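These notes concern the structure reproduced below.
All of these numbers come straight from a predicted model, not from anything done at the bench. A note on names: the letters A, B, ... follow the listed sequences, proteins ahead of strands, and every chain is numbered from 1.
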There are 2 protein chains.
Amino acid sequence: MAVSTVGAASATRAGQDPAMCPYRLVLEHVTSRWGVLVLIELLERPYRFSELRRAIGRVSGRGVSEKMLTQTLQTLERDGLVHRDARPVIPPRVDYSLTDLGREAAEQVRALAQWTQDRMADVERARHAYDEARQARDGAHNR
Amino acid sequence: MAVSTVGAASATRAGQDPAMCPYRLVLEHVTSRWGVLVLIELLERPYRFSELRRAIGRVSGRGVSEKMLTQTLQTLERDGLVHRDARPVIPPRVDYSLTDLGREAAEQVRALAQWTQDRMADVERARHAYDEARQARDGAHNR
DNA sequence: CAGTATCCGTAGGGATACTG
DNA sequence: CAGTATCCCTACGGATACTG
């Protein structure tokens with residue numbers, strides 16, 4: 001049975017909408033495109049800004065824009081998940097790391113990401129089955 | 001230490017970009033705004049289309065549009081997480097439920113949502129601290 | 001009821017240039 | 001290096017109307 005009140009949903013644009021129940025906002029920060037990646041990477045070790053940027057955009061297509069990374073980090077910092085350690089040296093050096101709270105979140109996110117990877121085979125099979133069924137249907141429809 | 005390969009990230013627009021490593025796509029489907037809510041609701045019990053629509057948009061602001069719910073459900077169905085049971089009666093009746101695979105995903109998502117709720121107090125405190133520190137800084141900056 | 005098809009607005013997010 | 005400030009565009013997602 002349900003764990004408790006999680007089943008109570010809300011909606012509206014995510015962004016800054018004040019009319020949304022507060023926990024949904026945090027959830028969206030954590031599950032956001034870059035939020036997910038930032039948390040997972042920081043679970044490994046602390047990172048500097050540009051270092052993190054490169055780490056995230058490692059594989060395929062271009063990575064995060066500076067703007068988005070900044071924005072993501074600020075949001076997560078404000079929520080108390082990420083710690084920002086800016087040291088007044090030249091050139092500037094800023095290290096980002098997880099807080100205890102952030103680590104808890106990151107572990108859950110990583111678990112989900114890991115699950116996704118582990119189950120990719122099943123997903124791929126489901127997709128092919130779906131696509132073939134669809135094609136058969138559309139074919140019948142057109143003849 | 002890291003569980004394995006999850007730390008390897010990718011990027012590019014989520015949508016249908018073929019150049020993104022496949023598991024990231026599934027992760028984005030699962031963590032998408034409506035995907036999260038659909039999975040959590042369906043964990044409770046099966047739902048009919050409109051019923052699900054209403055259940056999701058229960059609390060605050062307006063809920064999901066038909067379009068978005070349809071799209072979300074189709075994506076999740078294609079990924080093999082949701083089962084669609086369309087019965088040829090009049091009026092049409094379609095029930096959505098979780099597959100075994102979907103249930104695994106949904107449980108992780110619900111755990112994350114639950115965690116978020118449980119830790120809201122900490123998050124709120126962090127936010128106030130952040131906002132005050134920021135205001136103090138900006139104040140000093142302007143004087 | 002359960003969708004599909006269209007039109008359309010907006011803000012999410014990328015690229016670039018500039019600052020401390 | 002680590003950001004901020006701007007410009008700009010597209011695709012996410014809402015509203016509406018129509019179909020099976």
Side-chain angles (χ1 to χ4, degrees), chain A residues 11-17 19-20 25 28-29 31-38 46-57 60-77 82 84-97 134 137-138 140-141, chain B residues 11-17 19-20 25 28-29 31-38 46-57 61-78 82 84-97 134 137-138 140-141:
Chain A
T12 311
R13 267 269 102 196
Q16 333 302 337
D17 197 319
M20 177 154 57
L25 273 169
E28 304 224 344
H29 298 164
T31 61
S32 70
R33 167 131 71 288
W34 305 121
V36 168
L37 298 178
V38 165
Y47 274 92
R48 298 181 59 182
F49 185 84
S50 297
E51 200 186 14
L52 184 55
R53 190 156 179 277
R54 268 175 265 119
I56 285 179
S60 94
R62 61 230 111 104
V64 220
S65 62
E66 293 179 7
K67 179 186 170 185
M68 279 302 106
L69 183 55
T70 300
Q71 188 175 299
T72 302
L73 285 169
Q74 283 178 350
T75 303
L76 294 178
E77 186 196 357
V82 162
R84 179 173 183 277
D85 180 29
R87 288 194 301 187
V89 297
I90 293 182
R93 172 175 183 114
V94 182
D95 286 85
Y96 291 93
S97 55
R134 189 180 214 302
R137 215 175 10 87
D138 289 0
H141 172 275
Chain B
T12 313
R13 268 268 103 196
Q16 334 303 337
D17 197 320
M20 176 153 59
L25 274 169
E28 303 225 344
H29 298 163
T31 61
S32 69
R33 168 129 72 291
W34 305 121
V36 168
L37 297 179
V38 165
Y47 273 93
R48 297 181 60 181
F49 186 85
S50 297
E51 201 185 13
L52 183 55
R53 191 158 179 277
R54 268 174 266 120
I56 286 180
R62 63 231 110 105
V64 220
S65 62
E66 294 178 6
K67 180 185 171 185
M68 279 302 106
L69 183 55
T70 301
Q71 187 175 299
T72 303
L73 285 169
Q74 283 178 350
T75 303
L76 294 178
E77 186 196 356
R78 193 172 107 94
V82 161
R84 179 174 184 277
D85 180 28
R87 288 194 300 184
V89 297
I90 293 182
R93 173 177 183 113
V94 183
D95 287 86
Y96 291 92
S97 55
R134 189 181 215 302
R137 220 180 0 90
D138 289 1
H141 172 274

Separation of atom [atom1] in [X] from atom [atom2] in [N], rounded to whole Å:
X	N	atom1	atom2	answer
B:Leu52	C:dA2	CG	P	10 Å
B:Arg87	C:dG3	CZ	C1'	17 Å
B:Met68	C:dA5	CE	P	14 Å
B:Leu69	D:dG14	CG	P	11 Å
B:Asp95	C:dA2	CG	P	8 Å
B:Glu51	C:dC1	CD	P	11 Å
B:Tyr47	C:dC1	OH	C1'	18 Å
A:Glu28	C:dA11	CD	C1'	14 Å

To the side chain of [X], which of [options] is closest?
X	options	value
A:Trp34	C:dC1, D:dC1, C:dG14	C:dG14
B:Glu66	D:dA17, D:dG3, C:dC1	D:dA17
B:Lys67	C:dG13, C:dA2, C:dC7	C:dC7
B:Val94	C:dG13, D:dC1, C:dG3	C:dG3
A:Thr70	D:dG3, C:dC7, C:dG14	D:dG3
A:Arg33	C:dG13, D:dC1, D:dG3	C:dG13
A:Ser65	C:dG14, C:dC1, C:dA17	C:dG14
A:Phe49	C:dG3, D:dG3, C:dG13	D:dG3

Subject >> N or O in side chain of A:Arg48 less than 4.0 angstrom from D:dC1 OP1/OP2 >> reply: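 It does not, given that no N or O in the side chain of A:Arg48 lies less than 4.0 Å from OP1 or OP2 of D:dC1.
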Subject >> B:Tyr96 side-chain N/O to C:dG3 phosphate OP1/OP2 under 4.0 Å >> reply: yes
Subject >> Watson-Crick or G-U wobble partner of C:dT19, both distances under 3.5 Å >> reply: D:dA2
Original post:
In the structure shown, which nucleotide is the Watson-Crick or G-U wobble counterpart of D:dT10, with both distances under 3.5 Å?
Top reply: C:dA11
For the side chain of [X] and the backbone of [Y], is there at least one donor-acceptor N/O pair under 3.5 Å apart?
X	Y	answer
B:Arg93	B:Ala86	no
A:Arg53	A:Val64	yes
B:Glu51	B:Arg48	yes

Spatial distance of atom [atom1] ([X]) from atom [atom2] ([Y]) [nearest 0.5 Å]:
X	Y	atom1	atom2	result
B:Phe49	B:Asp95	CZ	CG	13.0 Å
B:Thr72	B:Arg33	OG1	CZ	9.5 Å
B:Tyr96	B:Leu73	OH	CG	5.0 Å

Base, sugar-phosphate alone, or nothing: which one does [X] contact when heavy atoms must sit under 4.0 Å apart?
X	answer
B:Arg84	sugar-phosphate
B:Gln74	sugar-phosphate
B:Arg53	nothing

